[in-house]
Amino acid sequence: MIYRTDYHIHTTYSDGKEIPDAYINAALKNHLKEIGFSEHITLMPGTEDWGMDEKRLPEYVSYILNLRKKNPEVRIRLGIEIDYIPGKEKETEKIIGSFPFDYIIGSVHYLGDQTVDLGPGFYIGKDINEIYENYFNLVCEAASTGFFDIMGHPDLVRIHRYKPQDDITHLYSMMASAFEIYDVAFEVNTNGRNKPLHDFYPDKRYLNLFAEHGVAVCVNSDAHFPARVGQFFDEAYDLLKRAGYNEMAVFKDRERFMIPF
Ligand SMILES: [Zn+2]
Ligand SMILES: [Zn+2]
């Protein structure tokens with residue numbers, strides 16, 4: 001039996017559709033051993049529609065810790081998904097150090113002051129090769145900060161199907177060695193299946209590179225409503241096995257443990 005965990009969940013505390021309690025049943029139905037909540041903290045102005053105001057962090061944290069007490073039948077983990085924004089290191093560090101998180105997901109949504117996932121408009125008229133290079137560089141930079149335990153959807157820039165003409169194997173190699181050097185895990189994020197991309201992040205063709213570098217992995221749904229908890233996980237586990245993986249990362253109190261699968 002695979003020790004199933006899902007560490008990437010959004011609720012009404014950020015841009016998810018239901019309160020945290022509503023995800024517990026979905027976790028049990030999907031035979032999850034652990035479910036972790038990871039609301040968005042963007043550290044950018046004007047993101048109230050999808051990010052959680054930092055001021056709500058104490059309320060969020062105590063809500064999840066209380067939910068944990070009420071539901072001993074599944075292990076509830078406390079996480080957060082923080083945007084990596086160069087120049088906001090102090091704020092990031094303060095948030096991370098102020099609460100008893102089990103893990104921190106580090107994500108790059110922004111290149112400059114725009115998000116890469118909002119719509120295809122971001123890509124139109126731009127050099128796609130350059131966008132990919134910038135995106136991958138920023139994810140590697142994020143990994144190097146030491147703030148994060150899991151790198152979220154590491155090639156989110158694929159979301160709207162704009163593809164570079166150049167071969168980009170070197171970008172995935174660079175990413176895999178950065179994750180190895182800075183000792184961060186990454187996620188196979190299955191929610192890309194519901195996006196124009198219609199595929200998981202990162203690109204399955206390069207999963208073997210991460211395996212060769214010994215980078216720890218977990219499988220996450222990035223669910224924004226309960227029906228998506230644990231979505232497509234069996235497919236993701238199969239892909240990982242075929243890429244050479246035989247263990248998965250789990251987290252508690254920001255410590256990583258490996259569980260065979
Ligand atoms: Zn994200
Ligand atoms: Zn997310």
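First listed ligand is number 1; within each ligand, the first listed atom is number 1.
Here the protein contributes Glu81 OE2, His109 NE2, His153 NE2 as N, O or S atoms under 2.8 Å from the Zn ion (ligand 1).
Both tests hold for Lys126 against Phe122: distance to the six-membered ring centre under 6.0 Å, angle to the ring axis within 45°.
Salt-bridge annotation for Arg56 and Glu59: present, with a side-chain N of the basic residue lying under 4.0 Å from a carboxylate O of the acidic one.
Taking all atoms of both residues into account, the shortest heavy-atom contact from His224 to Asp222 is ND1-O, 2.9 Å.
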Would Glu34 and Thr5 count as a side-chain hydrogen bond (donor to acceptor under 3.5 Å, both in side chains) here? Give the steps. CA-CA 5 Å; Glu34 301 186 13; Thr5 62; 5.7 Å; no

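Centroid-to-centroid, the aromatic rings of Phe136 and Tyr172 come within less than 6.0 Å.
With Arg77 contributing its side chain and Phe251 its backbone, the two residues share a donor-acceptor pair below 3.5 Å.
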